[in-house]
Enquirer: 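Got a structure for you, written out below as structure tokens; questions coming shortly.
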Amino acid sequence: VPITAYLGAVGMPGVTAWIGLNEFGKPQSGETVVVSAASGAVGSAAGQLAKLKGCHVIGIAGGKAKCEYVVDELGFDACIDYKAGRLDADLAAACPRGIDVYFVGDSITRRWGATDYPQFLANWNQNFHGWNAGNFGWGGDTTQNILWRLDNGELDAVNPKVIVILAGTNNVGREVGNEAKVADVTRGLKAIVDRCRAKAPNATLVLTAIFPRNDNPAVVPTLNAINAGLARLADGKKVWFLDVNAKLADADGKLFDGMMGDRLHPSLKGYQVWADGLKPILMELLGPPAATDHAPPPTGDPSAAAKK
């Protein structure tokens with residue numbers, strides 16, 4: 001065996017990287033691994049082994065050229081140049097622990113991840129645990145309410161990787177809309193997309209088609225027209241469009257049995273349809289869910305206890 005082999009991946013550097021990662025670090029798929037001296041013999045091997053395990057890998061190296069090599073050639077997710085003098089800030093930005101998937105919307109979103117709807121919360125956890133999903137839906141919110149929340153700090157410094165948007169049904173309401181209403185609601189949803197992109201420029205947005213509602217079937221054409229406009233906002237790269245309505249209702253917008261509990265809000269079966277549409281997207285964008293979850297705990301309606 002040539003002596004140079006002992007200096008490569010099957011020699012001391014590779015063995016050191018493997019033992020350090022698997023015997024001591026023991027990272028799980030979806031977790032973040034930070035590798036110092038990432039362009040060196042041991043660090044480069046450790047980072048590539050971590051990527052093979054499905055980890056999010058951040059390297060630390062000295063200088064722009066080394067960082068480019070770590071990302072472009074070795075396949076790390078990011079590399080921090082410690083010579084730039086921003087190590088703490090850059091590390092915090094590259095390795096956020098908390099929310100990776102940010103759900104924003106109205107009561108349809110809120111009920112899925114809230115403590116006052118325990119069956120729905122159990123379904124939320126079953127589908128999204130390990131993806132660090134945070135639920136920021138709120139009952140009764142229109143697009144204007146959501147924009148106010150975004151403008152007043154709700155998304156600041158969160159840095160999610162994915163933002164799931166479902167909104168607009170409260171703007172439509174039960175009244176049949178005309179072209180002006182369609183255009184107005186579509187503008188509001190586009191403003192939410194624009195605001196999310198400005199606040200979280202690295203995130204991929206999943207814009208969900210407004211669900212069918214049967215409290216007044218006459219509004220179905222209005223919903224369809226708005227959803228057609230939403231589809232045109234997607235570019236398939238930073239903004240994706242998800243439409244699960246064909247699994248919630250027939251071609252005329254009549255809900256299938258068991259999909260909505262009150263002709264507006266999804267039942268457990270309806271939420272699972274939404275989850276089944278989202279999970280392949282999250283798998284593609286984030287990889288498989290980790291064994292642990294770092295999202296903040298769910299919240300509930302503070303007045304719910306008084307209502308019982």
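Keep in mind that the numbers below use all heavy atoms, side chains included, and drop hydrogens, waters and symmetry copies. Just so you know, residue 1 is the first one in the sequence shown, and it goes up from there.
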Enquirer: Using the rule that two of Ile, Leu, Val, Met, Phe, Trp, Tyr join whenever any of their side-chain heavy atoms come within less than 4.5 Å, decide whether V206 and I210 are in one cluster.
Expert: no
Enquirer: For residues D293 and F128, report the shortest heavy-atom separation together with the two atoms involved.
Expert: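 Taking D293 first and F128 second, the nearest heavy atoms are OD2-O, 3.8 Å.
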Enquirer: Given side chains that start at C-beta, do those of D100 and V162 come closer than 4.5 Å, heavy atoms only?
Expert: no
Enquirer: Any chance you could lay out the salt bridge (charged side-chain N to carboxylate O under 4.0 Å, His left out) test for D184 and R187, step after step, and finish with the verdict?
Expert: CA-CA 5 Å; D184 182 63; R187 276 195 303 270; 3.6 Å; yes
Enquirer: Looking just at side-chain N and O atoms, do N171 and T143 make a donor-acceptor pair shorter than 3.5 Å?
Expert: yes
Enquirer: Here's a test for you: under side-chain hydrogen bond (donor to acceptor under 3.5 Å, both in side chains), which of K199, K161, E154 qualifies with Y102?
Expert: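 When side-chain hydrogen bond (donor to acceptor under 3.5 Å, both in side chains) is applied between Y102 and each of K199, K161, E154, only E154 qualifies.
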Enquirer: For T292 and H294, work out which heavy atoms get closest and say how close.
Expert: OG1-NE2, 3.8 Å
Enquirer: So R174 and D215, salt bridge (charged side-chain N to carboxylate O under 4.0 Å, His left out) or not? Walk me through it.
Expert: CA-CA 7 Å; R174 299 176 183 175; D215 49 354; 3.4 Å; yes
Enquirer: So for atom CG, which belongs to D72, do other residues, nucleotides or ligands contribute more than 12 heavy atoms lying within a distance under 6.0 Å?
Expert: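 Yes.
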Enquirer: Looking at side-chain heavy atoms only, is the closest gap between T32 and P27 below 4.5 Å?
Expert: no
Enquirer: Please say which of N227, N224, L255 ends up in a side chain to side chain contact (heavy atoms under 4.5 Å, CB included) with N245.
Expert: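 The residue from N227, N224, L255 that satisfies side chain to side chain contact (heavy atoms under 4.5 Å, CB included) with N245 turns out to be N227.
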Enquirer: Of all heavy-atom pairs between L21 and K53, which one has the smallest distance, and what is that distance?
Expert: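 Minimum heavy-atom separation between L21 and K53: CD2-CD, 3.8 Å.
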Enquirer: Which atom pair, heavy atoms only, marks the closest approach of G258 to K269?
Expert: O-CB, 3.5 Å
Enquirer: If we only count heavy atoms from C-beta on, is the P289 to H129 side-chain gap below 4.5 Å?
Expert: no
Enquirer: Output, in order, the C-alpha distance, side-chain angles, deciding distance and verdict of salt bridge (charged side-chain N to carboxylate O under 4.0 Å, His left out) for D81 and K64.
Expert: CA-CA 7 Å; D81 178 5; K64 180 180 177 182; over 6 Å; no
Enquirer: Roughly how far, to the nearest 0.5 Å, is CZ of F76 from CD of Q48?
Expert: 6.5 Å
Enquirer: When you check the side-chain N and O atoms of E175 and N216, is any donor under 3.5 Å from an acceptor?
Expert: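 No, no side-chain donor-acceptor pair sits under 3.5 Å.
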Enquirer: Given I192, which of L150, L207, L205 fulfils the side chain to side chain contact (heavy atoms under 4.5 Å, CB included) condition?
Expert: L150
Enquirer: State, without any angle test, whether Q119 and N123 hold a side-chain donor-acceptor pair at a distance under 3.5 Å.
Expert: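 No donor-acceptor contact under 3.5 Å links the two side chains.
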Enquirer: So if I apply the ring-ring contact (aromatic ring centres under 6.0 Å, His included) rule between W112 and each of Y117, W124, F136, which one comes out positive?
Expert: W124
Enquirer: Does R111 reach the side chain of Y271, with side-chain heavy atoms less than 4.5 Å apart?
Expert: yes
Enquirer: Do V101 and N132 pass the side chain to side chain contact (heavy atoms under 4.5 Å, CB included) test, and can you show the C-alpha distance, the side-chain angles, and the key distance before you say yes or no?
Expert: CA-CA 6 Å; V101 185; N132 305 323; over 6 Å; no
Enquirer: Side chains of T169 and D106: does their closest heavy-atom pair fall under 4.5 Å?
Expert: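 T169 vs D106: side chains touch.
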Enquirer: Are a donor atom and an acceptor atom from the side chains of N214 and K254 found within less than 3.5 Å of each other?
Expert: no
